[in-house]
Amino acid sequence: MAFSPDGRTLATGNSRGVVTLWDSTDPHHLTKRRGKPLIVPGGSLWSVEFSPDGKTLAAGGHIDNGTIHRWNVTDPDDPTPIGQPLTVETGFVAVLAFSPDSRTLAATTDDGVATLWDLDVESSINRICGASSGALGQEEWKRYVVVPPYDPPCKKS
């Protein structure tokens, strides 16, 4: 479980892969947020974590061989999925942590392997364009980037 940075929302995960968001403004009377529970198919959650800016919630665990699901929780009563799940190379996700600037997500697996993801979309687009020699097309965008909408990112100079 994890509190949002402002302390107004508590996220809990369970062994059935369900994340529930709770209104925790009154600690004596937790109430479920109005939105639907967040379903993470395929396994048991071991870790949930809010980004320090409070905009993102990540959840991972013994799910589909180490996947991490993310949601935009700017409105905790209406969370929306962010992109495709992230995956670790080995094991299952044991612990998640965001960097202080919310731009990097770290995961440690049950076998002790740590993985980092750069969540800054613009930085990732620039890195992909450099590695692909400017060949990032609409199909690749839909598969790997998702948000924001496709706009040919690899501008020819």
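If you read the sequence from its start, that first residue is 1, and numbering goes on from there. We use all heavy atoms of the structure for the numbers below, so side chains are in, but hydrogens, waters and symmetry mates are not.
Between the NZ atom in Lys32 and the OG1 atom in Thr12 there is a gap of 8.5 Å [rounded to 0.5 Å]. Interatomic distance, CG of Leu86 versus CG of Leu116, reported as 11.5 Å (0.5 Å rounding). Here the CZ-CG distance, from Arg33 to Asp78, works out to 12.0 Å after rounding to the nearest 0.5 Å. With values rounded to the nearest 0.5 angstrom, Asp120 atom CG is found 8.5 Å from Thr104 atom OG1. Of the inter-residue distances, the one linking Asp23 atom CG with Leu30 atom CG reads 8.0 Å to the nearest 0.5 angstrom. A distance of 6.5 Å separates CZ of Arg103 from CG of Asp118, quoted to the nearest 0.5 Å.
For the pair Ser4 and Val73, the minimum side-chain heavy-atom distance is 4.5 Å or more. Two residues are said to be in side-chain contact when any heavy atoms from C-beta on lie closer than 4.5 Å; His69 and Leu38 fail this criterion. Using a 4.5 Å heavy-atom cutoff, the side chains of Val113 and Glu89 are not in contact.
Panel note: side chain Ser102, backbone Asp53; a donor-acceptor pair is recorded below 3.5 Å. In terms of modelled atom types and a separation under 3.5 Å, the side chain of Ser24 and the main chain of Gly7 share a donor-acceptor contact. Remark: side-chain polar atoms of Asp77 are paired, donor with acceptor, to backbone N or O of Arg34 under 3.5 angstrom. In terms of modelled atom types and a separation under 3.5 Å, the side chain of Thr109 and the main chain of Phe92 share no donor-acceptor contact. Judged by distance alone, the side chain of Ser47 and the main-chain N or O of Leu96 form a donor-acceptor pair under 3.5 Å.
Each of Trp22 and Leu57 belongs to its own hydrophobic cluster when Ile, Leu, Val, Met, Phe, Trp and Tyr are linked at side-chain heavy-atom distances under 4.5 angstrom. No continuous path of hydrophobic side-chain contacts links Met1 to Leu45 [ILVMFWY only; heavy atoms under 4.5 Å]. Hydrophobic cluster membership differs between Val48 and Leu10, with clusters built from Ile, Leu, Val, Met, Phe, Trp and Tyr side chains linked at under 4.5 angstrom. Both Ile68 and Phe98 belong to a single network of hydrophobic side chains, linked directly or stepwise wherever heavy atoms of I, L, V, M, F, W or Y lie under 4.5 Å apart.
The heavy-atom pair separating Val19 from Ala11 by the smallest distance is CG1-CB, 4.4 Å. The minimum heavy-atom distance linking Leu21 with Pro76 is given by the pair CD1-O, 3.5 Å. Minimum interatomic distance between Ala97 and Glu49 (heavy atoms only, all atoms of both residues): CA-CG, 4.2 Å. The shortest non-hydrogen separation linking Pro52 to Pro5 is O-CG, 3.2 Å. The two residues Gln84 and Arg70 come nearest to each other via the heavy atoms O-NH2, 3.9 Å. Taking both residues in full, the closest heavy atoms of Pro37 and Thr20 are given as CB-OG1, 4.5 Å, listed atom of the first, atom of the second, then distance.
The side-chain hydrogen bond (donor to acceptor under 3.5 Å, both in side chains) check on Asp75 picks up nothing, with sequence neighbours excluded.
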